[in-house]
Amino acid sequence: MSLSTRHLLGIKDLSIVDISLILKTAEQFKEVLQRPVKKVPSLRDVTIVNLFYENSTRTRFSFELAEKRLSADTINFAVSSSSAAKGETLLDTVRNILSMKVDMVVMRHSASGAPHFLAKHIPAAIINAGDGVNEHPTQGLLDAFSMKEKFGKLEGLKVAIIGDILHSRVAMSNIYLLNKMGAKVTVCGPPTLIPKYIRESFGVEVNYDLKETLEWCDVANVLRIQLERQNQVLFSSLREYNIAYGVKRKLLDNLNKEIVVMHPGPINRGVELDSDVADSKQSIILQQVENGVAVRMAVLYLLSNRSG
Ligand code: CP
């Protein structure tokens with residue numbers, strides 16, 4: 001089986017069949033990653049460039065590791081040490097890299113739509129590793145994989161997405177994916193950090209009360225306050241944000257059930273999530289990171305023309 005798309009630009013463009021295929025393939029690669037020899041020859045002679053115009057730890061290392069596990073040849077691009085710093089355009093940079101016979105491009109960019117623009121102009125497969133405030137599709141997929149691994153299914157699962165929804169590409173990819181797969185989504189945060197028409201536009205519930213939201217959900221996916229994307233004051237202070245919307249031990253202990261806590265990272269400890277929650281057995285944050293490698297292996301493999 002193969003995906004209905006040549007690129008992974010966003011979850012918005014994927015069908016339910018595509019998502020199910022990626023999650024199923026990731027399960028197989030997760031099994032491979034438990035073996036003593038974790039490397040498979042699936043992408044031998046495929047060359048992939050990792051083009052990161054924005055900082056990253058998890059996504060960049062996870063893609064690099066996934067590529068190595070699949071035996072692909074990889075090259076890494078960091079904007080600060082490239083000719084982009086001398087003013088070269090994105091399109092010129094990519095055209096030059098592709099002339100060296102590169103097959104796939106993994107790209108993170110601060111501009112929403114940058115990977116969509118590239119996909120229109122170059123012949124290689126493009127994988128969006130996060131574009132501005134638009135989407136972060138492999139994060140959405142690895143989050144879904146982790147929830148499915150924990151609960152056995154996504155359908156009917158009650159997922160709360162908590163925090164800075166306004167600036168979050170992770171929130172968008174999670175919402176698209178969870179809606180398609182039949183989960184129930186509530187977003188929670190201060191009114192200034194939740195887009196006004198999100199209920200009508202994206203079919204999610206909105207609750208501004210953290211305690212009520214935690215009482216409702218099976219999973220709390222807590223998002224980072226994106227300090228670098230705030231161009232106006234949208235909440236009074238980090239301390240007050242933590243008091244009103246920080247996920248704390250006491251709040252969880254007062255629930256009559258044990259919910260699962262997720263976070264895409266990097267965490268602002270003591271702001272959106274307290275350390276005694278982030279590091280507790282209720283948290284699956286490091287499992288999310290582990291699952292990211294298998295999910296990215298699945299995406300790379302399925303988009304490589306080697307799968308079918
Ligand atoms: N979750 C995530 O995208 O983390 P990085 O910014 O470290 O890649």
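Ligands are counted one by one from 1 in listed order, and the atoms in each one are counted from 1 as well. Along the sequence shown, the residues carry numbers beginning at 1.
Ion pairing between a basic and an acidic side chain is recognised when a charged N comes within 4.0 Å of a carboxylate O; K30 and E27 show no such pairing.
When only interatomic distances are considered, the shortest N/O to N/O separation between R60 and ligand 1 does not fall below 3.5 Å.
Residue R108 places a heavy atom under 4.0 Å from ligand 1. At a 4.0 Å cut-off, not a single heavy atom of G130 sits close enough to ligand 1 to count as contact.
Atom CD of E155 has 12 or fewer heavy atoms from other residues, nucleotides or ligands within 6.0 Å.
G140 approaches N174 most closely through the heavy-atom pair CA-ND2, 4.0 Å.
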Check the pair D18, S15 against side chain to side chain donor-acceptor pair (under 3.5 Å), reporting the backbone distance first and the verdict last. CA-CA 5 Å; D18 288 331; S15 66; 3.1 Å; yes

Show your working on side chain to side chain contact (heavy atoms under 4.5 Å, CB included) between N207 and E215 and close with a plain yes or no. CA-CA 12 Å; N207 193 333; E215 277 164 1; over 6 Å; no

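Here the protein heavy atom with the shortest distance to atom 1 (N) of ligand 1 is P264 O, 2.8 Å. In this structure, the protein non-hydrogen atom closest to atom 4 (O) of ligand 1 is R58 NE, 3.1 Å. The protein atom (non-hydrogen) at minimum distance from atom 2 (C) of ligand 1 is T59 OG1, 3.5 Å.
Below 4.0 Å from some heavy atom of T57 lie the following atoms of ligand 1, by number and element: 5 (P), 7 (O), 8 (O). When each atom of ligand 1 is checked for a heavy atom of G265 under 4.0 Å away, the hits are 1 (N), 2 (C), 4 (O).
Side-chain rings of F77 and Y53 approach one another, their centers coming within less than 6.0 Å.
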